[in-house]
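Step one of this worksheet: look at the structure below.
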Amino acid sequence: MPHKLRQPMMVANWKMHKTVTQTAEFLARLRKLQAGGNHNGSGGACFVVVAPPFPSIPAAVEAVKGADIAIAGQNLHWAPEGAYTGEVSGPMLAAAGCTYVIVGHSERRHGLGETDEMIHKKVRAALAAGLTPIVCVGETQEQRSGNETEIILRYQFERAFWGMSAEDLRRSVLAYEPVWAIGTGNTATPDIAEGAHRFLRRCAAGIFGPEAAAGFTILYGGSIKPSNIRALLEHPDVDGGLVGTASLEPDSFASLVQAGAKSVASPSA
Ligand code: PGA
């Protein structure tokens, strides 16, 4: 089952961490922690997605059977199949049981030379395979210092969703991940995150209309921890988190999920 419109969402991005065994152990523990449900007592729930490395996907899919946890790929190639050594396609991820896929993470943009054109093709490929793309955008420290944040965010958003429909947007998730906040411990202040999210929602409204933009899930990512999640989620345009380091321990990730569920009751508190 996909997430509902603007339902709070917590995504674990494990990056290059966890073997098959560690994946099964983590998810067994997470399920135990969620045994009472990740609900907030008034019918609201946080939507949970876990993105393990490719070899651990089958074990993850097996481990979440019967639980409200979706599995994501961390990347995909834009072609459905072909001579692309080392790559994995959308149809392959879908057949393995994934329903989400992360696209355009800054570690791929900046570390592996992924371009906006490649990211655009990957978003299309994900949607064509029936996967929900979690599309990452974000400025570097230099760009922020140079007052270029909005130019960069608009450009990355527009290029990723170029020529797409409001329905495509509805089937996608955006993640604002300032590069300077990822893995550094320097979380964006809730005001910085809210400002960027509001700006991105305005960009979405300009192209796809106010209704599509109002229903568009926008996550924040970058040094999220149990100690800072609540302040981030208090802002109405922050719909959840894309979490690296703090998603590697089940107890810490479960507490982020709990915070997401609690935010349902007071989305704009
Ligand atoms: P971090 O990573 O939580 O370790 O900063 C977030 C991400 O890269 O998605």
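All figures in this text were calculated on a predicted structure; none of them were measured in a lab. Start at 1 and go down the list; that is how both ligands and their atoms are numbered.
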Which residue holds the protein heavy atom closest to atom 3 (O) of ligand 1, what is that atom called, and what is the gap in Å?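 Answer, as residue, atom name and distance: Gly244 N, 2.9 Å.
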
Identify, for atom 2 (O) of ligand 1, the protein heavy atom at the shortest distance, and state residue, atom and that distance.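 Result: Lys15 NZ, 3.2 Å.
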
For [X], atoms of ligand 1 separated by under 4.0 Å from a heavy atom:
| X | result |
| --- | --- |
| Glu177 | 6 (C), 7 (C), 8 (O), 9 (O) |
| His105 | 7 (C), 8 (O), 9 (O) |
| Thr245 | 1 (P), 3 (O), 4 (O) |
| Asn13 | 9 (O) |

For Trp180 and Glu139: C-alpha separation, side-chain torsions, deciding distance, then whether side-chain hydrogen bond (donor to acceptor under 3.5 Å, both in side chains) applies. CA-CA 8 Å; Trp180 47 270; Glu139 80 286 2; 2.9 Å; yes

Distance alone, cut at 3.5 Å: any donor-acceptor contact between the side chains of Thr23 and Ser56? yes

Less than 3.5 Å apart, any donor N or O on the side chain of Gln74 or His105 sitting next to an acceptor on the other?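 No.
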
Looking at Lys121, Arg108, Arg159, which one forms a salt bridge (Lys or Arg N to Asp or Glu O under 4.0 Å) with Glu114?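 Exactly one option meets the salt bridge (Lys or Arg N to Asp or Glu O under 4.0 Å) with Glu114, and it is Arg108.
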
Mark the output for Ser223 as yes if a heavy-atom distance to ligand 1 is under 4.0 Å, and as no if none is.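 Ser223: in contact with ligand 1 (<4.0 Å).
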
Taking the ring centre of each residue, are Phe199 and Tyr176 less than 6.0 Å apart? no

Using distance alone, decide if ligand 1 has a nitrogen or oxygen within less than 3.5 Å of any nitrogen or oxygen in [X].
| X | result |
| --- | --- |
| Gly183 | yes |
| Gly222 | no |
| Thr184 | no |

Can you check side-chain hydrogen bond (donor to acceptor under 3.5 Å, both in side chains) on Thr140 and Gln143, steps first, answer last? CA-CA 5 Å; Thr140 62; Gln143 290 163 339; 3.2 Å; yes

Output yes when Arg29 and Glu25 qualify as a salt bridge under the 4.0 Å nitrogen-oxygen rule, no when they do not.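 Salt bridge: no.
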
Criterion side-chain contact (heavy atoms from CB on, under 4.5 Å) against Phe161, the qualifying member of Ile119, Leu174, Asp168: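 Single pass found, and it is Leu174.
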
Should the proximity of Ala181 to ligand 1, defined as any heavy atom under 4.0 Å, be assigned to the side chain, the backbone, both, or neither?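 Near ligand 1, Ala181 shows its backbone, while the atoms from C-beta on stay back.
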
